Peer 1: 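Structure provided below as structure tokens; questions to follow.
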Amino acid sequence: METFQIILGRALKQALAAASLPDAGEVTPATDARFGDYQTNAALVLAKQRGENPRELAQKIIDHLEVAEWSAPPTIAGAGFINFTLRPETLAKKIAELLRDERLGVPRADTPHKIVVDFGSPNVAKPMHVGHIRSTVLGDALARIASFLGHEVIRDNHIGDWGTQFGMVIWGWKNLLDRDALARDPIAELVRIYKETNERGKTDEAIRNACREELVRLQSGDAANRAIWQETVTLSLQEFERAYEILGIHYDIQRGESFYNDRLPGVVERLCSEGLAEKSEGAICVFFRDIPELAERPCIIRKSDGGFNYATTDIATIDYRLDDLGADTVWIVTGAPQKLHFQQLFEIARREGKTADFRHITHGSILGEDRKLMKTRSGDNVPLKDVLEEAIVRARKIVTEKNPELPAGELEQIARTIGIGAVKYAELSQYRMTDYVFSWERMLAFQGNTAPYLQNAYVRIRSIFRKLGAEFSAPNEVILTEPAELNLAKRLAQFAETVPPVLNDFRPNLLANYLFELANAFHAFYEACPVLKAEEPARGTRLALCELTARVLAHGLDLLGIAVPERM
RNA sequence: GUGCCUGUAGCUCAACCGGAUAGAGCUUCUGACUUCGGAUCAGAAGGUUGGGGGUUCGAAUCCCUCCAGGCACACCA
């Protein structure tokens, strides 16, 4: 099924050809509903190229435009815009078509890709905190959208399960571990022994050395240390899994950093033999002397003590995704501070002749009250668990007030759907690059442009069908007359042209904004147009609009990883 | 010092890779329930898009410059 934008765009091309004018401009949704539904600036573009009068050119184009099937006669406005207004019959036909289409009009991608989406990436022996919400929720939504558009998506959790902090974790485990505390709250106890070891190490050189020795033993395969490491990994994964269960996040694979250990020497050897890496100050580095901004920023792939670091691991990770998984596209979702690192890695891959499409999808930070970055090391982070629990508690309180008769089991389910939805939507509805100050109020707002507002629109529709006492069945004819009906129908048709561009610049907030406007149009329609009390054929038409709105809302929210309740 | 990111209404944010009079929400004020769920709707108020130049029919958007905040820049991840 083609969108109106595509249809009108083709009509424009044909009109330009018929008028012996070069191809120029494009058809876009109108910037303002007062002008119509779609517009083109073709005449303005051509006027500039040819030094002619834009309004005269616009008239010339209109004389050749054959759009009567879809649009009222196009009009010229302003400097030379051509405006299209969809005919009610055309919209009605579209509504009927959309009701028959599982994809709700959204076209599949022209060329499907195999995409590895790397997001979340929590660290073992550390709790997940609010900062993880961004990467996790953003990556999940992008993966859902890509997969809906027909791409083959592999969701990979690149867990931080290897590194120098394990020296301290293992020393702490051997010397400070409280088994009872570990049984009660494993992560809290792991964090406690890590922190305390770190503190002691600051004043005690013997402990620092002991930690270093534990790390060396782990890396050289010492059985006891290996077992401790394995247990911390297992305990952490269980903890992560609980969070993912609540968040509704699913991974296809979870390849931690340790997975790549035995590939690291090969990576360094290869880069050396290719002449891309060289020895410098005892370390082995890749230099980018021909790129000005990277000229003085080498990428170290082997430390002077012979150890590997995360650059080495990440190169091996890219290899794995391309060679073993067969991906042609890699999306890595992390905070902006890692930008340089991935710029270097992608450049190395390019130098090795890899042609895959690499994207580092960055996001802003969550700040503390002091407007400074919430640092991982500071220990002042709000644990993710607390945010999720608080969200559910607040949602439960509001649902109980609004709807006291709900049975306890259903109440719990609804509170979860609304609370978690609110947290996710707060993230996804804003531009991913902006930093913001953490606040419960902000994250759990239930009014305005929020998930509960959208969920409420859905629930109102379900309520209508409950009252109707029958499943939806498509009406014989759809006839749109009221302004609120037409406005809602236009919004519904726009879903198809909203979803694909989200991936152009990885901006789920575009989809969120659309859904908000759709819900808004529905609420206005709901106030203006009674459904059940209406006479046929208006009744059938309005039920169809309700049903389609519910489907688009549910589907759109699902693409953002947000569920809808039947009641709330 | 070099590079990158951010700066839009009192607050939180939009503006779909140059479009028309810069839009929402929160807050404030005014209205709307004998009517399908008021977590709603209708309306009002609120702006020199950080400042200054430039490019052109047209700039929040592109270029230059300055200001403010943040991040990153060789062996942590």
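Owing to the predicted nature of the structure, the values given are computational and were not obtained by experimental measurement. In what follows, chains are A, B, ... by sequence order, proteins preceding strands, each numbered from 1.
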Peer 1: Roughly how many Å apart are B:rA22 and B:rU48, using the P atom of each and rounding to a whole number?
Peer 2: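 So the two P atoms sit 12 Å from each other.
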Peer 1: Hey, is the side chain of A:Tyr514 poking within less than 4.0 Å of OP1 or OP2 on B:rA15, counting only N and O atoms?
Peer 2: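 No, A:Tyr514 has no side-chain N/O under 4.0 Å of OP1/OP2 on B:rA15.
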Peer 1: Is the aromatic ring of A:Phe81 within stacking range of B:rG19, meaning centres under 5.5 angstrom and planes under 30 degrees?
Peer 2: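 A:Phe81 ring does not meet the centre or angle cut-off for B:rG19; no stack.
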Peer 1: Among all residues two or more places apart in sequence or in another chain, which pass the side chain to side chain contact (heavy atoms under 4.5 Å, CB included) test with A:Leu510?
Peer 2: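 Testing A:Leu510 for side chain to side chain contact (heavy atoms under 4.5 Å, CB included), a comparison that skips the adjacent residues, returns A:Val502, A:Arg507.
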Peer 1: Side-chain N or O of A:Lys467 less than 4.0 angstrom from OP1 or OP2 on B:rG37?
Peer 2: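 Yes, A:Lys467 has a side-chain N/O under 4.0 Å of OP1/OP2 on B:rG37.
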Peer 1: Could you measure between the two P atoms, the one in B:rG69 and the one in B:rU8, and give it in whole Å?
Peer 2: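 Straight-line distance between the two P atoms is 15 Å.
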Peer 1: Per the atom types in the model, does the base of B:rU2 pair as donor or acceptor with the side chain of A:Arg297 at under 3.5 Å?
Peer 2: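 Pair found.
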Peer 1: Under 3.5 Å, is there a donor-acceptor pair between the A:Asn309 and A:Thr312 side chains?
Peer 2: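 A:Thr312 and A:Asn309 do have a side-chain donor-acceptor pair below 3.5 Å.
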Peer 1: Select one nucleotide: of B:rA39, B:rU35, B:rC5, the one nearest the side-chain heavy atoms of A:Phe446.
Peer 2: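 Selected nucleotide: B:rA39.
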Peer 1: Heavy-atom nearest nucleotide on RNA chain B for A:Gly448 versus A:Arg34: which residue maps closer to 5'?
Peer 2: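 Checking each residue's closest nucleotide, the 5'-ward one belongs to A:Arg34.
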Peer 1: Could you give the distance separating B:rC64 and B:rC5 at their P atoms, to the nearest angstrom?
Peer 2: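 So the two P atoms sit 12 Å from each other.
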Peer 1: Considering every strand and a 4.0 Å limit on heavy-atom distances, what is the contact class for A:Arg567: base, sugar-phosphate, or nothing?
Peer 2: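 Base contact.
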Peer 1: So do A:Ile82 and A:Gln39 actually touch side chain to side chain, heavy atoms under 4.5 Å?
Peer 2: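 Sidechains of A:Ile82 and A:Gln39: no contact.
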Peer 1: Remember a base hit wins even if backbone is also touched, and classify A:Ile398 as base, sugar-phosphate or nothing at under 4.0 Å, heavy atoms.
Peer 2: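 It contacts base atoms.
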Peer 1: If the cut-off is 4.0 Å, is A:Arg507 near the phosphate of B:rA15, judged by side-chain N/O to OP1 or OP2?
Peer 2: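 Looking at the OP1 and OP2 atoms of B:rA15, one of them is under 4.0 Å from a side-chain N or O of A:Arg507.
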Peer 1: Send over the distance from A:Leu340 CG to B:rU2 P, rounded to a whole Å.
Peer 2: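 After rounding, the reported distance stands at 17 Å.
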Peer 1: Could you check whether A:Ala457 gets within reach of a base, just the sugar-phosphate, or nothing at all, counting any heavy atom under 4.0 Å?
Peer 2: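 Touches nothing.
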Peer 1: Does the cation-pi check pass for A:Arg289 over A:Phe287, that is, NZ or CZ under 6.0 Å from the six-membered ring centre and within 45° of its axis?
Peer 2: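 Satisfied, under 6.0 Å and within 45°.
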Peer 1: Going by distance alone, is a donor N or O of one side chain under 3.5 Å from an acceptor N or O of the other, for A:His363 and A:Ser135?
Peer 2: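 No donor-acceptor contact under 3.5 Å links the two side chains.
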Peer 1: Roughly how far apart, to the nearest Å, are B:rC62 and B:rG7 at atom P?
Peer 2: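 Approximately 11 Å lies between the P atom of B:rC62 and that of B:rG7.
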Peer 1: On a whole-Å scale, what distance lies between the P atoms belonging to B:rA15 and B:rU6?
Peer 2: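 That atom pair is separated by 12 Å.
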Peer 1: Would you check if there is a donor-acceptor pair between the side chains of A:Asn520 and A:Tyr453 at a distance under 3.5 Å?
Peer 2: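 Yes, A:Asn520 and A:Tyr453 have a side-chain donor paired with an acceptor closer than 3.5 Å.
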Peer 1: Does the base of B:rA20 carry an N or O that pairs as donor and acceptor with the side chain of A:Gln39 under 3.5 Å?
Peer 2: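 Result: at least one qualifying N/O pair found.
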Peer 1: What distance, rounded to whole Å, do you find between the two C1' atoms, one in B:rC76 and one in B:rG54?
Peer 2: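 Rounded to whole Å, the distance is 45 Å.
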Peer 1: Can you tell me how far C1' of B:rA20 sits from CD1 of A:Ile76, to the nearest Å?
Peer 2: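 Going from A:Ile76 (CD1) to B:rA20 (C1'), I get 15 Å.
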Peer 1: When we call it a touch if two heavy atoms are under 4.0 Å apart, what does A:Ser280 touch: a base, just sugar-phosphate, or nothing?
Peer 2: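 It contacts base atoms.
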Peer 1: Going by the rule side-chain hydrogen bond (donor to acceptor under 3.5 Å, both in side chains), which residues pair with A:Glu347 if we only count those two or more places apart in sequence or in a different chain?
Peer 2: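 In terms of side-chain hydrogen bond (donor to acceptor under 3.5 Å, both in side chains), with neighbours along the sequence ignored, A:Glu347 is linked to A:Arg350, A:Arg351.
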Peer 1: Does the Lys NZ or Arg CZ of A:Arg442 fall within the cation-pi geometry relative to A:Tyr436 - under 6.0 Å from the ring centre and within 45° of the axis?
Peer 2: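 Yes, cation above the ring, under 6.0 Å and within 45°.
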Peer 1: Checking A:Arg255 against A:Tyr320: is there a side-chain donor and acceptor pair closer than 3.5 Å?
Peer 2: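 Judged by distance alone, the side chains do pair up.
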Peer 1: May I ask you to say what A:Asn520 touches in the nucleic acid, namely base, sugar-phosphate or nothing, with a heavy-atom cut-off under 4.0 Å?
Peer 2: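 Touches sugar-phosphate only.
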Peer 1: Within this structure, what is the CG-to-P distance between A:Asn513 and B:rA22, rounded to whole angstrom?
Peer 2: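 In whole Å, B:rA22 P and A:Asn513 CG are 19 Å from each other.
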Peer 1: Might you confirm whether atom CD of A:Glu401 has over 12 heavy atoms from other residues, nucleotides or ligands at distances under 6.0 Å?
Peer 2: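 For A:Glu401, atom CD is crowded (more than 12 foreign heavy atoms under 6.0 Å).
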Peer 1: So, does A:Gln430 get its side chain near the phosphate of B:rC13, meaning an N or O under 4.0 Å from OP1 or OP2?
Peer 2: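 Yes, A:Gln430 has a side-chain N/O under 4.0 Å of OP1/OP2 on B:rC13.
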Peer 1: Contact class for A:Val399 vs. all strands (heavy atom < 4.0 Å): base, sugar-phosphate, or nothing?
Peer 2: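 The answer is base, as A:Val399 lies within the cut-off (heavy atoms under 4.0 Å) of a base atom.
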Peer 1: Nearest heavy atom decides the nucleotide; on that basis, is A:Glu257 or A:Ala528 closer to the 5' end of RNA chain B?
Peer 2: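 So the residue in question is A:Ala528.
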Peer 1: Rounded to whole Å, how long is the line connecting atom CZ of A:Arg462 with atom P of B:rC36?
Peer 2: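 About 18 Å, once rounded to whole Å.
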Peer 1: Which nucleotide in the list B:rC41, B:rA20, B:rA39 gets nearest to the side chain of A:Ala77?
Peer 2: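 Nearest listed nucleotide: B:rA20.
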Peer 1: Measure from the side-chain heavy atoms of A:Tyr436 and tell me the nearest of B:rG3, B:rC16, B:rC13.
Peer 2: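 Selected nucleotide: B:rC13.
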Peer 1: For B:rG18 and B:rG10, measure between their P atoms and round to the nearest Å.
Peer 2: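 Comparing P positions in B:rG18 and B:rG10 gives a spacing of 29 Å.
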Peer 1: For A:Cys285, answer base if it contacts any base atom (sugar-phosphate contacts may also be present), sugar-phosphate if it contacts only those atoms, and nothing otherwise; contact means non-hydrogen atoms under 4.0 Å.
Peer 2: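 It contacts base atoms.
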Peer 1: Which whole-number value in Å describes the distance from A:Gln344 CD to B:rU2 P?
Peer 2: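 Answer to the nearest Å: 20 Å.
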Peer 1: Under 4.0 Å between any heavy atoms, over every strand shown, what does A:Tyr526 touch: base, sugar-phosphate, or nothing? Just pick one.
Peer 2: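 Base, at least one base heavy atom under 4.0 Å.
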Peer 1: Heavy atoms under 4.0 Å, any strand shown: does A:Leu510 hit a base, just sugar-phosphate, or nothing?
Peer 2: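 Sugar-phosphate contact only - A:Leu510 comes under 4.0 Å of backbone atoms but never of a base.
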Peer 1: Tell me the interatomic distance from A:Glu26, atom CD, to B:rG19, atom P, rounded to whole angstroms.
Peer 2: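 Taking atom P of B:rG19 as the reference, CD of A:Glu26 is at 9 Å.
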Peer 1: If I take atom NZ in residue A:Lys339 and atom C1' in nucleotide B:rC5, what distance separates them, rounded to the nearest angstrom?
Peer 2: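 Those two atoms, NZ and C1', are 6 Å apart.
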Peer 1: Figure out the OH/P separation between A:Tyr194 and B:rC76, and round it to whole Å.
Peer 2: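 The distance from OH of A:Tyr194 to P of B:rC76 comes to 13 Å, rounded to the nearest Å.
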Peer 1: Would one find a side-chain N or O of A:Tyr431 under 4.0 angstrom from OP1 or OP2 of B:rU6?
Peer 2: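 Yes, A:Tyr431 has a side-chain N/O under 4.0 Å of OP1/OP2 on B:rU6.
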Peer 1: Mind checking if A:Asn509 touches a base, just sugar-phosphate, or nothing, with heavy atoms under 4.0 Å?
Peer 2: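 Contact class for A:Asn509: sugar-phosphate only.
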Peer 1: Quick one: the side chain of A:Glu281 and the base of B:rA74, do they pair up donor-acceptor inside 3.5 Å?
Peer 2: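 Present.
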Peer 1: Name the closest nucleotide to the A:Asn456 side chain, picking from B:rG37, B:rA39, B:rA77.
Peer 2: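 Of the options given, the side chain of A:Asn456 lies nearest B:rA39.
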Peer 1: Using a heavy-atom cut-off of under 4.0 Å over every strand shown, decide if A:Tyr453 touches base, sugar-phosphate, or nothing.
Peer 2: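 Sugar-phosphate: the residue A:Tyr453, judged by heavy atoms under 4.0 Å, touches backbone atoms but no base.
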Peer 1: Looking only at heavy atoms, which two atoms of A:Ile562 and A:Gln455 are closest? And how far apart?
Peer 2: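 Looking at all heavy atoms of both residues, the closest pair is CG2-NE2, 3.9 Å.
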Peer 1: Ignoring hydrogens and angles, answer whether the base of B:rA74 and the side-chain atoms of A:Ser304 contain a donor-acceptor pair closer than 3.5 Å.
Peer 2: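 Between B:rA74 and A:Ser304, which were checked side chain against base, a qualifying N/O pair under 3.5 Å is absent.
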Peer 1: Checking all strands, does A:Pro54 fall into the base, sugar-phosphate, or nothing category for heavy-atom contacts under 4.0 angstrom?
Peer 2: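 Here A:Pro54 touches no strand at all.
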Peer 1: Convert the base pairs of RNA chain B into dot-bracket notation, remembering that pairs crossing earlier ones are written with [ ] and that bases paired across to another strand are shown as |; include only Watson-Crick or G-U pairs under 3.5 Å.
Peer 2: (((((((..((((.....[...)))).(((((.......))))).....(((((..]....))))))))))))....
Peer 1: Which is true for A:Pro292 with a 4.0 Å heavy-atom rule: it touches a base, it touches only sugar-phosphate, or it touches nothing?
Peer 2: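 Since no nucleic acid heavy atom lies under 4.0 Å of A:Pro292, the category is nothing.
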Peer 1: Just call it for A:Ala283: base, sugar-phosphate, or nothing, with non-hydrogen atoms closer than 4.0 Å on any strand.
Peer 2: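 The answer is base, as A:Ala283 lies within the cut-off (heavy atoms under 4.0 Å) of a base atom.
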Peer 1: Give a yes or no on whether a donor-acceptor pair under 3.5 Å exists between the nucleobase atoms of B:rG70, that is its base, and the side chain of A:Asp435.
Peer 2: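 Side chain to base: no pair below 3.5 Å.
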Peer 1: Establish, from distance only, whether the side-chain atoms of A:Gln413 and A:Arg416 form a donor-acceptor pair under 3.5 Å.
Peer 2: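 No.
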Peer 1: Would you state whether a donor and an acceptor, one from the side chain of A:Asn83 and one from the base of B:rA20, lie under 3.5 Å apart?
Peer 2: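 Such a pair is found, so the answer is yes.
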Peer 1: Considering only the P atoms, how many Å lie between B:rC16 and B:rC63, rounded to the nearest integer?
Peer 2: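 Straight-line distance between the two P atoms is 16 Å.
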